[in-house]
Amino acid sequence: MFNSLSGIITGKFPKQIFIDTNGVEWDLCVPDSNLDMLPPVGSEARVYTWLQHTDQVMCLYGFASADERSLFLDLLKVDGVGPKGAVKIMSSVTSSRLMDVLERGDLEMLEKIPGVGKKTAGKMILTLKGKLKLSDNTAGAAVRMPAATPYSDVVASLASMGYEKRIVEQKIAQLAELLTNEPDFAGKSQKEREEILFRRALVELA
């Protein structure tokens with residue numbers, strides 16, 4: 001029924017976004033990994049959707065790309081994994097990382113993902129191994145870092161702490177864009193801007 005919504009993002013919270021489409025504000029459940037792929041609050045975005053409608057619940061789920069939604073739907077094919085469980089899994093690991101783990105049949109690594117026990121991990125491998133494929137433009141809706149970013153040292157520092165590099169790059173890009181026009185940021189030296197970005201990113205990534 002709903003393929004996507006295009007409008008202005010009015011709120012971003014853990015596993016949730018608000019998007020305004022011509023005066024109608026939608027409340028969507030979104031994996032945390034997809035939050036970082038979407039532009040900041042106040043920006044225009046297209047969010048791909050999936051509607052859960054039962055006698056007990058109606059919930060609209062949102063994704064940064066059609067491929068992210070496809071992965072979500074693939075996870076629903078696994079016995080015992082419902083919509084909330086799929087969101088929890090996707091919030092804890094990037095799509096590329098999850099696909100790599102499934103392709104290798106890494107049961108131990110799957111078990112470490114929140115919401116995935118030994119039995120579910122086995123079912124995931126049985127159901128999805130060798131069957132997942134993302135298109136080349138999977139991150140098309142993501143905020144991308146310029147090739148020659150002036151904040152590569154910040155990215156490297158956060159990545160060395162264990163954060164996914166791609167997620168760190170997206171977060172730094174978002175924050176840099178958000179702070180660019182603020183005098184307290186733009187007027188600082190390069191080192192001071194790096195320190196500000198590092199602190200802000202650390203808080204948001206945590």
Side-chain angles (χ1 to χ4, degrees), residues 1-7 9 12-19 21 26-39 43-54 57-107 109-117 119-145 164-171 173-174:
M1 180 178 293
F2 298 101
N3 180 57
S4 67
L5 294 174
S6 295
I9 295 180
K12 292 178 73 171
F13 312 94
K15 297 183 177 63
Q16 181 186 40
I17 68 165
F18 297 153
I19 184 169
T21 59
W26 301 81
D27 181 350
L28 295 87
C29 179
V30 178
D32 287 340
S33 59
N34 279 228
L35 285 176
D36 290 325
M37 297 171 67
L38 291 166
S43 301
E44 187 173 354
R46 181 182 186 185
V47 182
Y48 291 81
T49 59
W50 181 79
L51 176 65
Q52 179 189 24
H53 188 189
T54 68
V57 65
M58 180 182 290
C59 183
L60 192 60
Y61 292 80
F63 306 91
S65 71
D67 277 333
E68 291 291 320
R69 179 177 60 186
S70 292
L71 176 60
F72 169 82
L73 295 175
D74 283 332
L75 288 172
L76 296 186
K77 297 175 184 177
V78 180
D79 184 32
V81 177
K84 294 294 185 183
V87 167
K88 187 173 184 179
I89 292 171
M90 292 179 68
S91 293
S92 305
V93 62
T94 63
S95 299
S96 58
R97 176 62 172 160
L98 179 59
M99 288 177 59
D100 177 63
V101 171
L102 286 169
E103 190 62 31
R104 290 187 287 105
D106 193 335
L107 188 65
M109 184 60 68
L110 277 176
E111 291 177 29
K112 294 179 180 179
I113 299 175
V116 179
K119 187 176 294 186
T120 300
K123 291 178 180 179
M124 288 174 67
I125 291 175
L126 180 64
T127 305
L128 302 177
K129 183 179 179 181
K131 300 176 182 178
L132 299 177
K133 185 178 186 303
L134 299 181
S135 65
D136 293 336
N137 63 347
T138 299
V143 175
R144 297 174 179 165
M145 287 291 285
E164 184 82 21
K165 184 178 179 181
R166 182 178 64 84
I167 299 300
V168 171
E169 288 176 339
Q170 293 165 1
K171 178 57 64 180
Q174 290 176 356

Quiz item: Ring centroid separation for Phe72 and Trp50, is it under 6.0 angstrom?
Solution: yes
Quiz item: Can you find a heavy atom in the side chain of Glu68 that is under 4.5 Å from one in the side chain of Met37?
Solution: yes
Quiz item: Is Leu75 close to Met124 at the side-chain level, that is, under 4.5 Å between some pair of heavy atoms?
Solution: yes
Quiz prompt | Straight-line distance of Asp100 CG to Thr94 OG1, nearest 0.5 Å | solution = 9.0 Å
Quiz item: What pair of heavy atoms forms the shortest contact from Tyr61 to Pro83, and how long is it?
Solution: OH-CB, 3.2 Å
Exercise. Measure the shortest side-chain to side-chain distance between Thr120 and Leu110 over non-hydrogen atoms and say whether it is less than 4.5 angstrom.
Key: no
Practice problem: Might you work through the side-chain contact (heavy atoms from CB on, under 4.5 Å) test for Cys29 and Val87, ending with a clear yes or no? | Solution: CA-CA 8 Å; Cys29 179; Val87 167; 4.1 Å; yes
Quiz item: Hey, mind stepping through Lys15 and Leu35 against side-chain contact (heavy atoms from CB on, under 4.5 Å) and telling me if it holds?
Solution: CA-CA 8 Å; Lys15 297 183 177 63; Leu35 285 176; 5.9 Å; no
Self-check item: Gap separating the CG atom of Leu102 from the CZ atom of Arg97, nearest 0.5 angstrom
Solution: 10.5 Å
Exercise. Give the minimum heavy-atom separation between Lys12 and Pro39, together with the two atoms involved.
Key: NZ-O, 3.3 Å
Quiz item: Checking side-chain contact (heavy atoms from CB on, under 4.5 Å) for the pair Leu38/Ile9: CA distance, chi angles, key distance, verdict?
Solution: CA-CA 9 Å; Leu38 291 166; Ile9 295 180; 4.2 Å; yes
Quiz prompt | Minimum side-chain heavy-atom gap Gln16-Leu28 below 4.5 Å | solution = no
Quiz item: Do Ser92 and Lys112 come within less than 4.5 Å of each other through their side chains, counting heavy atoms only?
Solution: no
Quiz prompt | Minimum heavy-atom distance Thr21-Trp26, with the two atoms named | solution = OG1-NE1, 2.8 Å
Quiz item: Hey, what do you get for OG1 (Thr127) to CG (Asp74), rounding to the nearest 0.5 Å?
Solution: 10.0 Å
Quiz item: Out of curiosity, Leu128 CG to Met99 CE, how far, rounded to the nearest 0.5 Å?
Solution: 10.5 Å
Self-check item: For Asp32 against Ser91, the heavy-atom pair lying closest together
Solution: N-OG, 2.9 Å
Quiz item: What are the two closest heavy atoms between Ser33 and Ile167, and how far apart are they?
Solution: O-CD1, 4.4 Å
Quiz item: Can you name the nearest heavy-atom pair linking Ala86 to Val81, along with the distance?
Solution: N-CG1, 3.8 Å
Exercise. Compute whether any side-chain donor of one residue and acceptor of the other, for Arg46 and Ser6, lie under 3.5 angstrom apart.
Key: no
Quiz item: So among Asn34, Val30, Asp27, which one has a side chain to side chain contact (heavy atoms under 4.5 Å, CB included) with Ile17?
Solution: Val30
Quiz item: Can you tell if the side chain of Val78 reaches within under 4.5 Å of the side chain of Leu126, non-hydrogen atoms only?
Solution: no
Quiz prompt | Gln174 and Glu169, any side-chain heavy atoms less than 4.5 Å apart | solution = no
Practice problem: Take Asp106 and Ile125 through the test side-chain contact (heavy atoms from CB on, under 4.5 Å) and record every step on the way to the result. | Solution: CA-CA 8 Å; Asp106 193 335; Ile125 291 175; over 6 Å; no
